[in-house]
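In what follows, every chain begins at residue 1, and chains take the letters A, B, ... in the order their sequences are listed.
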Number of protein chains: 2
Amino acid sequence: MAKPSSLETRDRILTAANKLFYGEGIRAVSVDAIAEKAGLTKRTLYYHFKSKDDLIEAYLISRDQPNLAAFAQWFDEAEGPVSAKTQVIFQRVAENARHPKWKGCGFLRTVAELANMPGHPAVAVGARHKKKFELWLAEAYAKAGIQQAQDLARAVTLLMDGAFSAMLTHRDPQYAEDAGAAAYRLVELACASS
Amino acid sequence: MAKPSSLETRDRILTAANKLFYGEGIRAVSVDAIAEKAGLTKRTLYYHFKSKDDLIEAYLISRDQPNLAAFAQWFDEAEGPVSAKTQVIFQRVAENARHPKWKGCGFLRTVAELANMPGHPAVAVGARHKKKFELWLAEAYAKAGIQQAQDLARAVTLLMDGAFSAMLTHRDPQYAEDAGAAAYRLVELACASS
DNA sequence: TCAAGTAAACTCACTAGGTAGTATACATGG
DNA sequence: CCATGTATACTACCTAGTGAGTTTACTTGA
């Protein structure tokens, strides 16, 4: 069967790809650089991934569940009404954005960089990730008895993507705080009419 | 002085850079490709621009005023209260996004692609452009007698950036329509408390 | 028990083409 | 004549991807 190191090697490549793709961008990072960071040769990398595009897709897939889980945990841990719980998500995102290595939302940045390849599998992964986030929010709002849960989830998701973009543009976490305040108002408004 | 064709040549290069950088992305486009599209040699391009980075910056600078002017025109032409005028901007953006060549906001995409170079002059141009948009909105809201004009302009700008990101991700103009509806609600809310 | 076989996992050296940027020379209008 | 503008041809290096061969771990037959 497979060597015991096989899965471990694939993970090492993915970890290196994560750091480099997120830190430097997709097209700015060469396959050679990833192989070197992973401590193996390019030929070995191509044994585990059939192309650079394949590796880009795998990079985003590896971030999908962890990111969604973090949002859900922040929301669940927060006290108070859904409006406040929503706002907490934005506050946590703002906190994360203070780390020096923070470089925006990896999904949005990858989609933006691959805008000239709409059919790229990684773009589809990014779109699905954002859809999942919105759907999860909509379900949370529906459980809280909000009538227009879908519309509200859509608006909050738009504010979140706007916050990611603005924080990256201006390098200022305040934008996520302000987006959170706007989201709070919209949730309160929806609650009032429910 | 310069040959009469000099300014024209610079413009030809800038036009080619515009189409290629916006259509394909920054790092995906080579200086050779821009020179070829402009119908001249790379050496001539380097006579007018000192580096690729310089050309990237010039590309964004050339889009700054036209974009802001379009937003202002859409807003001024629209009928009704500021809430409706705000919503119209989003509707116009959604219309534009239906063009096959639409590839998102050139400023946001450039900033996202150059996220690993925070000091890049083009990133600064992108940040200034977004600040100008927000400031223009804040002034329009203040003129309309809204108390929290700045907060409101910030929220609407966040929704706009979110709309750009989501439309690019999902290739669906509906996201701008929904962002416009949310913006409408926030403006109405601010008007009510003024 | 242990040598031979096998397939997975891996490396070295390479191809063919693209990259930003430049040294040098030629043209052309004032 | 001479400054501005343009082109040819080049450097030095990086790019994704591959052909061919080697090492490793495990299986299997005697």
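The CZ-P distance, from A:F49 to D:dT18, rounds to 16 Å in whole Å. Here D:dT8 presents its P atom at 13 Å from CD of B:E36, a figure rounded to the nearest Å. Distance, A:L55 CG to D:dG17 P: 10 Å, rounded to whole Å. Here C:dG18 presents its P atom at 16 Å from CZ of A:R27, a figure rounded to the nearest Å. For the pair B:M117 CE and C:dA20 C1', the interatomic distance rounds to 13 Å; values are reported in whole Å. Between B:L20 atom CG and C:dA20 atom P the separation is 12 Å, expressed in whole Å. Taking atom CD of residue A:E24 and atom P of nucleotide D:dT15, one finds them 12 Å apart after rounding to whole Å. Rounded to whole Å, atom C1' of C:dA9 lies 12 Å from atom CZ of A:R12.
Note on ring orientation: taking the six-membered ring where Trp is involved, the planes of B:F107 and B:H129 are parallel (angle under 30°, cut-offs 30° and 60°).
At a threshold of 4.0 angstrom between heavy atoms, the contacts of B:T41 include nucleobase atoms, whether or not backbone atoms are also involved.
Residues B:L137 and B:Y184 do not share a hydrophobic cluster, clusters being chains of Ile/Leu/Val/Met/Phe/Trp/Tyr side chains in contact below 4.5 Å. With hydrophobic clusters built from ILVMFWY side chains whose heavy atoms lie under 4.5 angstrom apart, A:L135 does not share a cluster with A:L152.
In terms of phosphate contacts, A:Y47 brings a side-chain nitrogen or oxygen within less than 4.0 Å of OP1 or OP2 of C:dA9. Distances shorter than 4.0 Å separate some side-chain N or O of A:S30 from OP1 or OP2 on D:dT15. Regarding contacts with the backbone of C:dA9, every side-chain N or O of A:T44 stays at 4.0 angstrom or more from both OP1 and OP2. Between A:H48 and C:dA8, a side-chain N or O to OP1/OP2 separation shorter than 4.0 Å is absent.
A donor atom on one side chain and an acceptor atom on the other are not found under 3.5 Å apart for B:S83 and B:T86. With no hydrogens or angles considered, a side-chain donor-acceptor pair links A:Q73 and A:E77 at under 3.5 Å.
The only member of A:K42, A:K52, A:K37 that meets salt bridge (charged side-chain N to carboxylate O under 4.0 Å, His left out) when paired with A:D32 is A:K42.
Closest approach of B:A28 to A:N116, counting heavy atoms only: CB-ND2, 4.4 Å.
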Are there any protein N/O atoms within less than 3.5 Å of an N/O atom in nucleotides 21-24 of chain C, and if so, which ones and at what distance?
residue	atom	partner	partner atom	Å
C:dG21	OP2	B:Y46	OH	2.8
C:dG21	OP2	B:K52	N	3.0
C:dG21	N7	B:K42	NZ	2.9
C:dG21	O6	B:K42	NZ	2.5
C:dA23	N6	B:R43	NE	3.2

